[in-house]
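Because only heavy atoms are used, hydrogens play no part in the values below, and waters and symmetry mates are left out as well, while side chains stay in. Computed from a predicted structure; not experimentally measured.
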Amino acid sequence: MKKGENPLNGRIVSVNIGTPKVVTWRGQTFSTAIEKTPVNAPVPVRGVNVGDDDQADRTVHGGRNKAVYAYAVADYSWWQSREGIDPVPGLFGENLTTEGVDLGSCLIGERWKAGSAVLEVSEPRLPCYKLGFRLRDAAFLSRFAKALRPGAYFRIVEEGWVGPGDTLTLLHRPEDHEVSIREVMRIRLFAHEERAKLATVPALSAGYRDWAMLKPKEFDGSLGADDR
């Protein structure tokens with residue numbers, strides 16, 4: 001196995017779901033479903049959701065390219081060792097809390113079997129103010145970005161069921177590129193001059209590829225609403 005390559009198997013520690021609710025924080029009132037609760041039994045993975053999970057604003061969360069969000073126990077342990085964050089499953093709003101797979105090293109377009117569902121790696125999670133709300137720390141967004149430990153979003157390729165304790169099995173790893181979740185986040189946030197590299201990755205969300213192909217005079221650093 002090459003350096004940085006993922007193992008063939010991992011495990012789902014927790015499946016977490018939440019529904020939108022209205023909250024007030026730092027003088028702002030907004031709707032969010034970032035507060036997720038673990039479930040005790042398998043739930044369906046279908047359409048653009050896991051079980052009864054939902055999103056408050058699908059222009060920036062959820063939808064086909066961000067149907068399932070996963071975050072790894074190892075990344076939570078990293079945060080715990082540096083900031084004392086208690087690694088509660090679902091803390092960062094993830095649907096799947098996983099172990100045994102370095103999500104940041106997953107290549108765009110990788111396919112994983114999760115329970116009986118098949119998921120495809122689509123893009124990293126970029127920090128937004130709702131993550132700051134969840135941690136009750138607005139400054140956490142900057143630290144989350146710099147850490148380059150974003151977790152991974154997945155598309156649902158084949159519907160199925162997923163539950164705590166289920167296996168994650170690597171089914172397919174692209175051979176035509178080496179662009180990982182971590183690399184997409186690094187370029188998107190800190191290395192705009194390298195963005196052309198993202199334009200040639202077919203499985204990357206269209207918003208990223210369109211952003212990557214902007215000419216210098218058109219470039220303002222932003223992403224389209226569909227894939228932020």
Side-chain angles (χ1 to χ4, degrees), residues 6-23 31-76 87-103 106-126 128 130-131 134 150-174 181 203-207 226-228:
N6 273 322
L8 298 179
N9 292 288
R11 188 174 75 91
I12 297 169
V13 176
S14 179
V15 178
N16 318 295
I17 63 175
T19 54
K21 66 178 183 179
V22 176
V23 301
S31 181
T32 179
I34 196 170
E35 295 182 327
K36 309 291 186 187
T37 302
V39 299
N40 296 320
V43 295
V45 177
R46 60 192 176 199
V48 293
N49 274 318
V50 177
D52 293 328
D53 191 66
D54 204 353
Q55 298 81 38
D57 181 358
R58 288 191 182 171
T59 65
V60 290
H61 299 288
R64 176 178 177 269
N65 291 316
K66 295 183 280 191
V68 181
Y69 177 49
Y71 205 79
V73 168
D75 290 324
Y76 272 133
V88 178
L91 179 64
F92 287 178
E94 78 274 11
N95 302 115
L96 305 180
T97 310
T98 66
E99 68 177 3
V101 176
D102 179 3
L103 294 173
C106 285
L107 299 186
I108 303 301
E110 270 189 17
R111 290 191 175 185
W112 288 80
K113 188 170 185 179
S116 62
V118 176
L119 309 177
E120 182 177 83
V121 178
S122 56
E123 61 182 83
R125 187 261 190 82
L126 299 183
C128 75
K130 292 181 179 179
L131 181 60
R134 185 71 174 96
Y153 277 117
F154 295 83
R155 304 179 183 96
I156 299 171
V157 177
E158 294 182 14
E159 297 182 346
W161 290 74
V162 64
D166 281 352
T167 299
L168 283 169
T169 304
L170 180 62
L171 299 178
H172 167 73
R173 188 172 173 86
I181 283 288
L204 185 61
S205 301
D226 289 344
D227 294 289
R228 282 182 292 168

- Rounded to the nearest 0.5 Å, what's the gap from CG on Leu126 to CG on Leu131? Could you check? 11.0 Å
- Are Leu168 and Arg11 side-chain neighbours, meaning at least one heavy-atom pair lies under 4.5 Å? no
- Query: Going by distance alone, is a donor N or O of one side chain under 3.5 Å from an acceptor N or O of the other, for Thr169 and Asn9?
  - Reply: yes
- Task: Measure the shortest side-chain to side-chain distance between Val13 and Thr98 over non-hydrogen atoms and say whether it is less than 4.5 angstrom.
- Result: no
- Item | Arg173 CZ to Cys106 SG distance, which is reported to the nearest 0.5 Å | 7.5 Å
Side-chain donor/acceptor pairs under 3.5 Å, residues 35-43, sequence neighbours excluded:
unit_1, atom_1, unit_2, atom_2, d
Glu35, OE1, Lys21, NZ, 2.4
Lys36, NZ, Ala33, O, 3.0
Lys36, NZ, Asp53, OD1, 2.6
Lys36, NZ, Asp53, OD2, 3.3

- Point-to-point distance, once rounded to the nearest 0.5 Å, from CZ of Arg64 to CZ of Phe154: 14.5 Å
- Item | Heavy-atom side-chain contact between Lys113 and Thr167 under 4.5 Å | no
- Hey, are the side chains of Pro20 and Ser31 touching, using non-hydrogen atoms and a 4.5 Å cut-off? yes
- Would you say Ser205's side chain and Gly207's backbone share a donor-acceptor pair under 3.5 angstrom? no
- Query: Tell me, which pairs form a salt bridge (charged side-chain N to carboxylate O under 4.0 Å, His left out) where one or both residues lie in residues 88-97, sequence neighbours left out?
  - Reply: none
- Considering non-hydrogen atoms only, spot the tightest contact between Val45 and Ala117 and give its length. CB-CB, 4.0 Å
- Are any non-hydrogen side-chain atoms of Leu119 and Arg111 less than 4.5 angstrom apart? no
- Item | Exam field: side chain Arg155 to backbone Gly109, donor-acceptor pair closer than 3.5 Å | no
- So how far is it from Thr32 OG1 to Arg134 CZ, rounded to the nearest 0.5 Å? 9.0 Å
- Indicate yes or no: at least one non-hydrogen side-chain atom of Val48 is less than 4.5 angstrom from one of Ile156. no
- Item | Shortest non-hydrogen separation from Ile12 to Ala114 and the atoms involved | CD1-CB, 4.0 Å
- Message: Quick one about Arg125 and Tyr153 (side-chain donor to acceptor, distance below 3.5 Å, no hydrogens or angles considered), yes or no?
- Response: no
- Item | Any Pro150 side-chain heavy atom under 4.5 Å of Ile181 side chain | yes
- Is there a side-chain contact between Leu171 and Trp112, using heavy atoms and a 4.5 Å cut-off? no
- Item | Near-ring test Phe92/Tyr76, centroid separation under 6.0 angstrom | yes
- Note on the structure: To the nearest 0.5 Å, atom CG of Leu204 lies from atom CG of Leu107 at 12.0 Å
- Task: Measure the spacing between CD of Glu99 and CG of Asp75 and express it to the nearest 0.5 Å.
- Result: 12.5 Å
- Task: State, without any angle test, whether Thr97 and Asn16 hold a side-chain donor-acceptor pair at a distance under 3.5 Å.
- Result: yes
- Between Asn95 and Val50, is there a donor-acceptor pair closer than 3.5 Å when you use the side chain of the first and the backbone of the second? no
